[in-house]
Structure formats: C-alpha cells, structure tokens
K.L.:
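Could you have a look at this structure, given as structure tokens, before my questions?
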Amino acid sequence: MSETERIRIGVIGCGTVAQIMHLPYLRSLSEQFEISALSDLSPGLLDLLGDQYGVPPARRFLDYRGLLETDVDAVLVLSGGSHAPQVLAAAEAGKHILVEKPLCFTLREADEIEAAVSRSGVRLMVAYMKRFDPGFRHGQRLVRAMREPRYVQINTLHPSEDQYIDIHGVHRFGDIPHAVAQRVERAQEELLDEAVGGISDALRFVYHDVFLGSMVHDINALRSLVGEPTEVLFTHIWPADSEFPSVTTVLRHTGNLRTAYTWTYLAEVRDYFEEIAVFSSAERIRVQFPSPFLKHWPTPVVAQRMENGALVEERVEVSHAEAFREELLAFHECVVSGVRPLTDVSDARTDIAVLQQILAAFDPPGLGGETKTSRG
C-alpha cells in the first residue's frame with residue numbers, strides 16, 4: 001500500500017465505543033479509511049448504523065465471519081468480552097487488525113494470537129488510545145528524562161459511565177437472539193474459569209470488567225513510563241463481594257521505585273478523575289486524563305521543580321487532538337508503511353500478566369487457573 005491509500009475497514013461490534021468514537025472518526029478520516037462493512041449481533045443496530053454510515057445491506061453481517069470473507073483490508077474489533085475469536089479469524093483471513101482492549105482474557109489466548117499474527121504477516125495493534133494522547137506523550141518525555149524516580153502514584157476515581165454515555169445518544173435495541181446471548185455468556189464463563197478459577201461471581205466480574213476493562217489502561221501507561229513492575233507487593237479489594245469495588249495495589253520496580261495504585265468506583269459524582277504522577281527528589285510530573293467519553297478534552301501535564309530557590313510549577317495542555325483519532329492515524333501508518341505497532345500483542349499480553357499477578361496478591365478464596373499459577 002502507498003502512504004495515501006485508503007484502507008477498506010470492517011467494524012466488528014457496533015456498541016458504545018464504536019458509536020461515540022470509532023465510527024465518527026473513521027468517517028472524518030475519509031482520506032485514510034473507507035467504512036466498508038459492519039458486523040454486530042443486534043439486527044436493529046446493524047441496520048441503523050449501516051444506513052447512517054452508508055454501508056449497503058449486503059455488507060452488514062450478524063456473523064463476523066461473513067465480514068471476513070469480503071474484500072476489506074483491515075478490521076476494527078470492538079465487540080464485548082475476549083476478542084480472541086475475532087482476532088484469530090481475522091489473522092487467518094489475512095486482514096490487518098486494530099482491536100480494542102482487552103485483547104483477550106487469558107495468556108493462552110494471547111500466545112495463540114501472537115502465533116497467528118506471525119504466521120499471517122498481518123499487522124495487529126491494540127487500541128490503548130492513551131498511548132497516542134499528545135498530553136501523555138509530552139508527560140512521557142518528561143518522565144523519561146527524570147533522574148532516579150522514587151514513587152509513582154496512580155489514582156482513578158470512576159463514576160457511573162451512564163452520566164457520560166447518555167449525552168451521546170448511544171443506540172441499543174435489545175434484540176440479540178437469546179440463544180446467541182447465551183452462547184456468548186457461556187464462552188466468557190469458560191474463559192474466566194481458565195483465567196481465575198472458582199472465585200466469587202463478583203470478583204470474576206471485577207477481573208474482566210474492572211481489571212481488563214479499565215485498569216489495563218493505567219497498567220499499560222505505567223509500563224511505558226517507568227518500565228516493568230518486578231513484583232506485586234500488596235493488593236486489597238473492597239467492599240467484599242461488590243461489583244463496584246475499590247482496588248489498591250503496590251508494585252515494586254527495579255531499584256528504589258515503587259507504584260501505589262488505587263482504582264475506585266464512586267458512582268454518583270460526575271467527575272471522572274485519572275492521574276498518573278511520577279515523583280523524584282527533584283521533580284514531580286502529573287499526567288491528568290479526562291473522561292474517555294469526552295471528545296477533544298486535553299490531557300494536562302503538571303510539572304514541579306525548584307529553580308533558584310523558588311518552586312516552579314508549569315501546567316501544559318499540549319493539544320486538543322483526540323486520542324482515539326490519533327490512534328486511528330497510527331494504525332493507518334502501520335498498515336500502509338509497515339511500521340511496527342506501538343501497542344502490539346506482546347505489550348497487551350504483559351498487561352494481562354501483571355493484572356493477574358495483582359489479583360493473585362489478593363489471594364481470594366477459590367483462586368485458580370492462570371492467576372493461581374502466576375502467584376507461584
């Protein structure tokens with residue numbers, strides 16, 4: 001492909017993130033992308049969005065495997081749950097892949113995906129949009145220039161998502177056939193058995209929805225800022241058996257660096273707060289992310305240092321460029337120029353491994369599967 005060639009892209013999964021972010025930005029990037037086919041389990045949603053985005057009925061598919069038989073160059077995998085089945089099928093069909101996080105639920109799936117991508121020669125990029133945020137990239141440069149960082153503090157206060165989603169008019173039809181929904185649910189439960197064993201239903205939900213659905217972003221960003229954690233020192237999850245938890249964990253890095261990370265669900269106050277702060281004796285760098293459901297809000301970076309005996313604080317808003325749009329442009333470059341994805345299978349696999357170790361440090365009753373093994 002040439003650098004200016006349009007990618008014919010098929011979208012698998014037309015839910016919340018597709019409607020708010022990916023489909024509108026794909027349409028706005030008409031020189032880079034053509035929305036060529038859609039797939040979703042909901043017939044009503046498929047027809048509505050097909051009409052809205054000019055995708056003819058013959059290129060709308062209730063089964064994603066039909067989409068993969070078309071002439072699309074690449075797929076954007078946005079369906080719920082583990083994305084391994086769609087990703088494996090896309091790689092085998094020779095389609096380039098941009099896949100929302102989490103890539104999958106288990107390390108075994110990640111290994112199978114890596115092998116399939118290697119065999120097929122396609123490009124796979126995992127959609128960690130924060131890594132493409134101009135503010136985060138500025139903060140990353142500052143952190144990497146720090147001498148002897150001592151302490152990382154991550155704090156996420158997560159309100160109810162509906163307070164943000166409702167402003168976008170997201171469409172839902174509730175028309176997925178019961179048998180199809182049951183099949184999807186059974187497949188997810190089997191993967192959770194493999195990943196975490198027989199822990200409580202609430203903690204199984206926390207693993208796939210909180211750990212892999214939200215905390216995975218911070219773990220990925222943390223690793224890109226200061227490198228790999230070498231050990232999980234502590235984890236606590238509370239209230240007991242709640243699907244709306246608070247999680248605190250402490251991670252050891254090489255040398256004297258430690259990370260303290262708290263993710264907490266606080267439903268009612270509509271003020272999403274997410275900050276990754278890196279501290280050394282001489283500098284303090286704070287990267288402050290907006291809600292992922294707000295478009296074109298900047299990510300401020302606050303830096304503090306001493307200068308001639310005075311405390312100097314600088315607050316930088318690098319750009320209003322939307323991270324989701326920047327991510328799509330980066331994927332286009334990967335496909336047309338052969339550039340290695342910044343966020344690849346190996347990167348996503350490491351995030352899953354770290355999150356399993358975080359859960360293992362909590363050591364809940366019934367813990368099993370891969371997570372039990374990671375605890376040693």
Side-chain angles (χ1 to χ4, degrees), residues 1-40 42 45-57 59-61 67 70-79 90 95-101 123-138 161 164-172 217 272 289-299 317-337 339 341-343:
M1 285 186 168
S2 68
E3 291 187 7
T4 57
E5 188 166 344
R6 293 177 84 203
I7 296 173
R8 293 167 299 189
I9 196 161
V11 177
I12 300 174
C14 298
T16 298
V17 72
Q19 293 179 50
I20 295 176
M21 294 294 184
H22 290 294
L23 285 168
Y25 285 121
L26 283 171
R27 180 160 60 185
S28 75
L29 294 169
S30 58
E31 293 184 6
Q32 290 83 13
F33 296 99
E34 173 191 344
I35 303 173
S36 183
L38 298 176
S39 175
D40 196 85
S42 166
L45 185 59
L46 196 57
D47 285 343
L48 185 146
L49 294 179
D51 290 345
Q52 184 175 344
Y53 287 93
V55 177
R59 299 182 72 86
R60 306 173 191 173
F61 301 91
L67 182 150
T70 70
D71 59 355
V72 297
D73 303 304
V75 294
L76 178 47
V77 180
L78 308 174
S79 47
K95 312 299 185 183
H96 300 289
I97 304 157
L98 175 59
V99 52
E100 262 295 349
K101 57 77 203 163
R123 295 286 174 179
L124 183 148
M125 186 173 121
V126 184
Y128 290 110
M129 85 289 185
K130 296 182 192 302
R131 294 283 298 279
F132 302 92
D133 184 299
F136 175 77
R137 289 189 161 187
H138 175 69
E161 291 180 347
Y164 288 96
I165 292 172
D166 288 349
I167 66 175
H168 295 285
V170 171
H171 299 284
R172 301 183 180 93
H217 274 300
Y272 181 94
F289 294 105
S291 166
F293 299 109
L294 297 176
K295 296 185 176 185
H296 294 284
W297 281 53
T299 294
E317 292 185 1
V318 175
S319 171
H320 285 265
E322 172 54 51
F324 281 94
R325 187 177 186 274
E326 296 301 301
E327 175 183 73
L328 286 169
L329 289 170
F331 178 62
H332 183 272
E333 184 180 10
C334 288
V335 173
V336 302
S337 303
V339 175
L342 177 67
T343 51

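Every heavy atom of this structure was used, including side-chain atoms; hydrogens, water molecules and symmetry mates were not. Residues take their numbers from the sequence shown, with the count starting at 1. It should be emphasised that the depicted structure is a prediction, and the values quoted were computed from it without experimental measurement.
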K.L.:
With a 4.5 Å heavy-atom cut-off, do L342 and Y128 have their side chains touching?
P.N.:
no
K.L.:
Quick one: list whatever passes side chain to side chain donor-acceptor pair (under 3.5 Å) with E100, sequence neighbours left out.
P.N.:
H22
K.L.:
So, for L294 and E322, which heavy atoms are closest and what is the spacing to 0.1 Å?
P.N.:
O-OE1, 3.7 Å
K.L.:
Kindly say whether the aromatic ring centers of H168 and F293 come within a distance under 6.0 Å.
P.N.:
no
K.L.:
Residues in side chain to side chain contact (heavy atoms under 4.5 Å, CB included) with R123, at least two apart?
P.N.:
H96, R340, P341
K.L.:
Of all residues at least two apart in sequence or in a different chain, which pass the salt bridge (charged side-chain N to carboxylate O under 4.0 Å, His left out) check with R325?
P.N.:
none
K.L.:
Considering residues at least two apart in sequence or located in another chain, which fulfil the side chain to side chain donor-acceptor pair (under 3.5 Å) criterion with Y164?
P.N.:
none
K.L.:
Measure across A18 and G13 and return the closest heavy-atom pair with its distance rounded to 0.1 Å.
P.N.:
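Smallest heavy-atom distance, with atoms named: CB-O, 3.5 Å.
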K.L.:
Just verifying a value: how many Å separate L76 CG and F33 CZ, rounded to the nearest 0.5 Å?
P.N.:
8.5 Å
K.L.:
Kindly give the heavy-atom pair with the smallest separation between V55 and S36, and that separation in Å.
P.N.:
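Residues V55 and S36, closest heavy atoms: CG1-O, 4.1 Å.
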K.L.:
Considering residues at least two apart in sequence or located in another chain, which fulfil the salt bridge (charged side-chain N to carboxylate O under 4.0 Å, His left out) criterion with K101?
P.N.:
none
K.L.:
Can you name the closest pair of heavy atoms from S39 and C14 and give their distance?
P.N.:
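What the structure gives for the nearest pair is O-SG, 3.7 Å.
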K.L.:
How many angstroms lie between CD1 in I97 and SG in C334, if you round to the nearest 0.5 Å?
P.N.:
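With rounding to 0.5 Å, CD1 (I97) is 12.5 Å from SG (C334).
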K.L.:
Applying side chain to side chain donor-acceptor pair (under 3.5 Å), name anything that partners T299, two or more places apart in sequence or on another chain.
P.N.:
D133
K.L.:
Search all heavy atoms of P24 against all heavy atoms of I20 and return the closest pair with its distance.
P.N.:
CG-O, 3.6 Å
K.L.:
Grab the two heavy atoms, one from G15 and one from D40, that are nearest each other, plus how far apart they are.
P.N.:
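It is N-OD1, 4.2 Å.
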K.L.:
Who are the salt bridge (charged side-chain N to carboxylate O under 4.0 Å, His left out) partners of E333, not counting sequence neighbours?
P.N.:
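E333: no salt bridge (charged side-chain N to carboxylate O under 4.0 Å, His left out) contacts found.
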K.L.:
Could you please spell out the steps behind the side chain to side chain contact (heavy atoms under 4.5 Å, CB included) verdict for V336 and Q32?
P.N.:
CA-CA 10 Å; V336 302; Q32 290 83 13; over 6 Å; no
K.L.:
With sequence neighbours excluded, tell me which residues meet ring-ring contact (aromatic ring centres under 6.0 Å, His included) with F331.
P.N.:
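Partners of F331 under the ring-ring contact (aromatic ring centres under 6.0 Å, His included) test: none.
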K.L.:
Check side chain to side chain contact (heavy atoms under 4.5 Å, CB included) between Q19 and all other residues, then give those that pass, not counting sequence neighbours.
P.N.:
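Partners of Q19 under the side chain to side chain contact (heavy atoms under 4.5 Å, CB included) test: L45, L49, V170, H171.
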K.L.:
State the CD1-CD distance between I7 and E34, to the nearest 0.5 angstrom.
P.N.:
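With rounding to 0.5 Å, CD1 (I7) is 11.5 Å from CD (E34).
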K.L.:
One pair to check against side chain to side chain contact (heavy atoms under 4.5 Å, CB included): E327 and R131. What are the steps and the verdict?
P.N.:
CA-CA 8 Å; E327 175 183 73; R131 294 283 298 279; over 6 Å; no
K.L.:
Within the 4.5 Å heavy-atom criterion, are L23 and L38 side-chain neighbours or not?
P.N.:
yes
K.L.:
If you round to the nearest 0.5 Å, how far is CZ of R6 from CD1 of I35?
P.N.:
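Between atom CD1 of I35 and atom CZ of R6 there are 9.5 Å.
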K.L.:
Run the ring-ring contact (aromatic ring centres under 6.0 Å, His included) test against Y25 and tell me which residues pass, sequence neighbours left out.
P.N.:
H296
K.L.:
Got H332 and E31 here, is their nearest side-chain heavy-atom distance under 4.5 Å?
P.N.:
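Not touching, per the 4.5 Å side-chain cut-off.
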K.L.:
List for me each residue that meets side chain to side chain donor-acceptor pair (under 3.5 Å) alongside K130, sequence neighbours excluded, and say none if there are none.
P.N.:
E274
K.L.:
Would you check, one step at a time, whether the test side chain to side chain contact (heavy atoms under 4.5 Å, CB included) holds for F132 with L329?
P.N.:
CA-CA 10 Å; F132 302 92; L329 289 170; over 6 Å; no
K.L.:
Using side chain to side chain contact (heavy atoms under 4.5 Å, CB included), reason through T16 and R172 one step at a time and then give a plain yes or no.
P.N.:
CA-CA 9 Å; T16 298; R172 301 183 180 93; 3.5 Å; yes
K.L.:
Which residues pass the salt bridge (charged side-chain N to carboxylate O under 4.0 Å, His left out) test with R137, not counting sequence neighbours?
P.N.:
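Testing R137 for salt bridge (charged side-chain N to carboxylate O under 4.0 Å, His left out), a comparison that skips the adjacent residues, returns none.
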